[in-house]
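First comes the structure, then the notes that go with it.
Just so you know, these numbers come straight off a predicted model, no measurement behind them. First the proteins, then the strands, lettered A, B, ... as listed; each starts at 1. Any value given below was found using the heavy atoms of this structure, including those in side chains, with hydrogens, waters and symmetry copies removed.
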2 protein chains.
Amino acid sequence: MTEKTESQHTADKITKTAFHHGDLKEALLHACYLVISEQGAEHFSLADACRRAGVSTAAPYKHFRDRDEILAILIARGFEMMTEQLQARVTEAGRGTLPGIVAMGHAYIEFAVTEQHIFRLMFGRNPELKQEARALKSGTDCFTNVIEEVAIFCAAQEYTGDPKPLAVRLWTFVHGVACLQIDEDYDVVAPETDVMAMIAATTPNLLADVLQS
Amino acid sequence: MTEKTESQHTADKITKTAFHHGDLKEALLHACYLVISEQGAEHFSLADACRRAGVSTAAPYKHFRDRDEILAILIARGFEMMTEQLQARVTEAGRGTLPGIVAMGHAYIEFAVTEQHIFRLMFGRNPELKQEARALKSGTDCFTNVIEEVAIFCAAQEYTGDPKPLAVRLWTFVHGVACLQIDEDYDVVAPETDVMAMIAATTPNLLADVLQS
DNA sequence: CGCGTAAGTTAGTTGCGTTAACTTATACGA
DNA sequence: TCGTATAAGTTAACGCAACTAACTTACGCG
């Protein structure tokens, strides 16, 4: 009898998929997302999210194992959002082209900036969170996608080497940009930096081996 | 009374610069450093550090404004350590040379790995911590040093362009490596990655403009 | 030698995460 | 149709951490 009632009744029963609240599970996830987006995961308090959702602080435990499970779900969703956005941008700019690769880099930064705190959560050192099945899967899926796009690019450029190390390089650089940007370290030390321009300028350097062929 | 006889008033009073404990301030900082090194700043509890130092949980407030001041001091010291280590390595490998630049990158990674949690603290998004005067100063000093070394390299290579954007590029890449390495993201997604080799291989690409001249 | 105060203490407040025990209301079977 | 098992909420309590207040100790100086 531990059905989910969400997908089960949706067909016949449109309203009231859940009991008292409507859909507290999702409402709590959204509240947590909002709190984290505003205050950062470091200062995130589950009790705060409960207040916003208008329920007691014990309510979440009817839907989640603990605080960490909620964070793991938000991490997983973050990676899914990121994957979608990267895909959209590379498709738009042209798969298998240099502008396509650059566009993915730009999309990475945009995601990191607009979803700063979720991004920090996704890439922070939280071994117990990131080893959660969902978070782990959506994370690896996201990067698998990047490798795939770089592989398509390599093929289009008739580069016969292994695309994976190149993907790692590109990812590393763009990730460095994202971290330093959202941590405001550029602002302190090199405020003149135009990160988007830097990515566009540096990507060809990182792909020099491919572009020469 | 277990005096430490550290040097604070040094000149007039040699012994017993501190009262009851010896030098609780320093002892607490060390205890906090240990706790963070073991458990990470996220799970760091000041009370835990107090227990290790053998004092009550109220004791720190005679020496520090609050928890955050301690963290800010540790951040500042982290940057100072890092600066020293980068300097030592570039000097050893040769200032103004490509191996020197690569050595700095390697030293950056080594620091990030051996001082994982302090590194995370240094570069995490903690606006209120990083704006602390000491932390801010030692952080900018650290990067100023990197720029200086890149400038020396550029001069040695007779490159007439601005060295700063190059330094930013190098820093960005190496920082990306450091983050992904300590967050164990490479392990999940590209475990074959040899980060030191990657830095050695990629640095010339990032410095292509200089090396061509 | 006595006093001021630096440097500790204990005890109390607040807030969070979590659990236990209780209550409510819904879905399903007799 | 109704009764009941249970899903989904509640309140109340526990332990722990950050911090504060009020008290105590003992060093150092005049």
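- Rounding to whole angstrom units, NZ of residue Lys62(A) and P of dG9(D) are separated by 9 Å.
- Ion pairing between Glu184(B) and Lys130(A) fails under the 4.0 Å rule for side-chain N and carboxylate O.
- Within 4.0 Å of Ala47(A), counting heavy atoms only, lie sugar-phosphate atoms of the nucleic acid but no base atom.
- When rounded to the nearest whole Å, the span between CG of Leu46(B) and C1' of dA17(D) equals 9 Å.
- Taking a cutoff of 4.0 Å between a charged side-chain nitrogen and a carboxylate oxygen, Glu69(A) and Arg134(A) qualify as a salt bridge.
- Taking atom CZ of Arg67(A) as the reference point, atom P of dT19(C) lies 14 Å away to the nearest angstrom.
- As rounded to whole Å, 14 Å separates atom C1' of dA18(D) from atom CG of Leu28(B).
- Going from atom CG of Asp48(B) over to atom C1' of dA18(D) covers 14 Å, rounded to whole Å.
- Each of Glu115(A), His117(A), Glu38(A), Arg77(A) was evaluated against Tyr33(A); a single residue qualifies, Glu115(A), per the side-chain hydrogen bond (donor to acceptor under 3.5 Å, both in side chains) test.
- Backbone-only contact: Ser45(A) has heavy atoms under 4.0 Å from sugar-phosphate atoms and none from a base.
- Residue Arg51(B) places no side-chain N or O under 4.0 Å from the OP1 or OP2 atom of dC16(D).
- Within the structure, every side-chain polar atom (N or O) of Ser56(A) is placed at least 4.0 Å from both OP1 and OP2 of dG9(D).
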